[in-house]
Amino acid sequence: ERLQSLRGGTAIDLVIRGVLERVSDADLHLLESSARALAEGRELTLAESAAAETYASAIARESAALRLPGGQQRQRR
C-alpha cells in the first residue's frame, strides 16, 4: 500500500493524506526524488521541481479550503 493509514490526525495530516492519495505513481516517484535531492544538497531537476511545486500548490489549495471567514476552521470528516 502506497500510504500508511492515518487514524485521526490533525487537519493538515488529513489534507496531506488526501492529496497524496491522488498523486500518480510517476509523480510520487518524482516527489521522492525531490526529497532525496534536497537531503543531498543538490539542485532539483526541472521535473522534480515541477512535481514539488504542483504538490505544494495542491496542499495550499486544500488547506485554504478548510478555512472559513474569520479564521475559523471547518471540521473534516
Side-chain angles (χ1 to χ4, degrees):
E1 190 171 340
R2 282 181 25 189
L3 294 174
Q4 185 176 27
S5 177
L6 293 175
R7 296 180 194 265
T10 65
I12 194 66
D13 292 335
L14 296 174
V15 167
I16 291 169
R17 178 181 175 194
V19 170
L20 283 174
E21 286 174 345
R22 295 187 301 272
V23 172
S24 70
D25 287 341
D27 285 340
L28 186 59
H29 176 73
L30 284 171
L31 287 172
E32 291 168 342
S33 180
S34 299
R36 276 193 307 276
L38 292 173
E40 295 168 359
R42 71 170 173 83
E43 288 190 33
L44 301 178
T45 66
L46 290 176
E48 290 168 339
S49 180
E53 186 174 334
T54 299
Y55 173 71
S57 295
I59 296 294
R61 275 192 312 276
E62 293 281 332
S63 295
L66 289 177
R67 292 185 183 85
L68 296 173
Q72 296 175 333
Q73 296 221 343
R74 179 181 69 173
Q75 293 293 323
R76 263 190 111 156
R77 295 175 193 229

Are there more than 12 heavy atoms of other residues, nucleotides or ligands under 6.0 Å from atom CD of Glu53?
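Open: at most 12 neighbouring heavy atoms sit under 6.0 Å from CD of Glu53.
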Residues, nucleotides or ligands: over 12 heavy atoms within 6.0 Å of Glu43 CD
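Incorrect, the count does not exceed 12.
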Beyond-backbone contact of Leu28 with Tyr55, side-chain heavy atoms, under 4.5 angstrom
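No, too far: nothing below the 4.5 Å cut-off.
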Over all atoms of both residues, closest heavy-atom pair of [X] and [Y]:
| X | Y | answer |
| --- | --- | --- |
| Ser34 | Leu44 | O-CD2, 3.6 Å |
| Asp27 | Ala51 | O-CB, 4.5 Å |
| Val15 | Ser63 | CG1-OG, 3.9 Å |

Just verifying a value: how many Å separate Ile16 CD1 and Glu62 CD, rounded to the nearest 0.5 Å?
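Atom-to-atom, Ile16:CD1 and Glu62:CD are 11.0 Å apart.
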Roughly how far, to the nearest 0.5 Å, is the CD atom of Glu40 from the OG atom of Ser33?
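So the gap between those two atoms works out to 8.5 Å.
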Cationic N near anionic O, under 4.0 Å, Arg17 to Glu21
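So Arg17 pairs with Glu21 through a salt bridge.
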Consider only side-chain heavy atoms of I, L, V, M, F, W and Y, link residues closer than 4.5 Å, and tell whether Val23 and Leu30 are in one cluster.
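As far as the 4.5 Å side-chain criterion goes, Leu30 and Val23 are not connected within one cluster.
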